[in-house]
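A short write-up of the structure that comes next.
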Amino acid sequence: MLKPPQWGYWCECWTEDLTEQWEPALMASFDAYSAPQADRWVAVALRTISPALDVDASDEAWEWLHEGRIETRRALLRAEPCTVSVTHAKTRITWTIRPVLFLPLAHRQGAELPKCAYVFKPHGTY
């Protein structure tokens with residue numbers, strides 16, 4: 001029996017080189033099932049990296065941790081997407097949190113696989 005779809009939040013962390021030498025890069029993603037879990041993911045990341053950030057970026061991080069986090073949580077509870085960014089030197093780090101509906105995947109246990117699944121032979125390792 002399939003579980004029903006569940007509301008949650010899709011969280012991503014991106015880095016962007018402000019000199020435009022590199023394309024933005026996805027550094028991490030996380031599926032959260034509550035607003036507190038989603039904003040906690042960002043808070044833990046900011047607390048972890050803040051000692052390595054320059055003074056301005058560290059100030060941005062702590063400002064969000066002390067002031068902005070409350071507004072982020074309220075927005076998430078209203079099912080609004082949120083973004084948190086800090087800029088360190090020539091790199092912008094951005095966390096995004098978006099409300100999503102997680103769809104369950106079909107469970108294969110007890111299901112008969114198609115005949116072609118048994119014909120498949122994996123290639124050797126390289």
Side-chain angles (χ1 to χ4, degrees):
M1 176 175 217
L2 286 177
K3 296 189 316 190
Q6 182 176 354
W7 284 102
Y9 302 89
W10 182 247
C11 310
E12 295 178 340
C13 178
W14 287 83
T15 59
E16 179 183 4
D17 175 21
L18 299 178
T19 65
E20 299 182 5
Q21 290 181 326
W22 297 285
E23 294 289 318
L26 177 64
M27 302 306 292
S29 59
F30 178 69
D31 52 329
Y33 290 89
S34 68
Q37 188 181 27
D39 77 58
R40 190 177 317 115
W41 183 70
V42 177
V44 168
L46 281 172
R47 283 190 190 107
T48 301
I49 68 170
S50 67
L53 297 173
D54 61 39
V55 173
D56 291 338
S58 184
D59 287 348
E60 285 179 76
W62 286 102
E63 183 178 324
W64 181 82
L65 286 163
H66 291 292
E67 306 288 331
R69 187 173 179 188
I70 295 165
E71 279 307 309
T72 296
R73 173 91 52 100
R74 287 180 182 149
L76 292 174
L77 291 170
R78 293 188 303 265
E80 297 172 1
C82 296
T83 301
V84 178
S85 293
V86 295
T87 302
H88 170 74
K90 293 181 169 103
T91 302
R92 180 177 298 124
I93 307 166
T94 302
W95 290 266
T96 60
I97 306 170
R98 294 185 310 270
V100 295
L101 184 60
F102 291 112
L103 301 176
L105 297 175
H107 192 49
R108 287 184 11 175
Q109 217 170 27
E112 186 66 32
L113 294 175
K115 291 182 191 229
C116 63
Y118 301 104
V119 176
F120 175 73
K121 302 287 185 235
H123 295 285
T125 58
Y126 298 96

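Values below: all heavy atoms of this structure, side chains included; hydrogens, waters and symmetry mates excluded. Model, not experiment: these values are computed from the prediction.
- The environment of CD in Glu67 is sparse: at most 12 heavy-atom neighbours from other residues, nucleotides or ligands sit within 6.0 Å.
- Rounding to the nearest 0.5 angstrom, the gap separating the OG1 atom in Thr19 from the NZ atom in Lys90 is 7.0 Å.
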What donor-acceptor contacts under 3.5 angstrom involve side-chain atoms of residues 27-34, with partners at least two apart or in another chain?
| residue | atom | partner | partner atom | Å |
| --- | --- | --- | --- | --- |
| Asp31 | OD2 | Tyr33 | OH | 3.2 |
| Ser34 | OG | Gln37 | N | 3.1 |

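- Here Leu103 is tied into one hydrophobic group with Trp7, Leu101, each link being a pair of ILVMFWY side chains closer than 4.5 Å.
- Distance check: His88 NE2 to Leu53 CG gives 6.0 Å after rounding to the nearest 0.5 Å.
- A salt bridge is defined here as a Lys NZ or Arg NE, NH1 or NH2 lying under 4.0 Å from an Asp or Glu carboxylate O, and Arg74 with Glu80 fails to meet this definition.
- Nearest heavy-atom pair across Pro81 and Arg98 is CB-CG, 4.1 Å.
- With sequence neighbours excluded, no residue satisfies salt bridge (Lys or Arg N to Asp or Glu O under 4.0 Å) with Glu60.
- The ring-ring contact (aromatic ring centres under 6.0 Å, His included) test applied to Trp62 returns His66, not counting sequence neighbours.
- Summarising the geometry of Cys82 relative to Ala75, their closest heavy-atom pair is SG-CB, 3.5 Å, with the distance given to 0.1 Å.
- One side chain, Thr72 or Trp64, offers a donor N or O that lies under 3.5 Å from an acceptor on the other.
- Judged by distance alone, the side chains of Trp14 and Glu16 never bring a donor and an acceptor atom under 3.5 Å apart.
- Of all non-hydrogen atoms in Tyr9 and Pro99, the two that sit nearest each other are CD2-CA, 3.9 Å.
- Judged as a salt bridge (Lys or Arg N to Asp or Glu O under 4.0 Å), and not counting sequence neighbours, Arg40 has no contacts.
- Inter-residue side-chain proximity for Cys13 and Ile93 is flagged as met; some heavy-atom pair is nearer than 4.5 Å.
- The side chain to side chain contact (heavy atoms under 4.5 Å, CB included) test with Trp95 singles out one residue from Val86, Thr83, Asp39, and that residue is Val86.
- Checked against side chain to side chain donor-acceptor pair (under 3.5 Å), Arg47 has no partners two or more places apart in sequence or in another chain.
- Under the 4.5 Å side-chain criterion, counting only non-hydrogen atoms from C-beta, Cys11 is not in contact with Val42.
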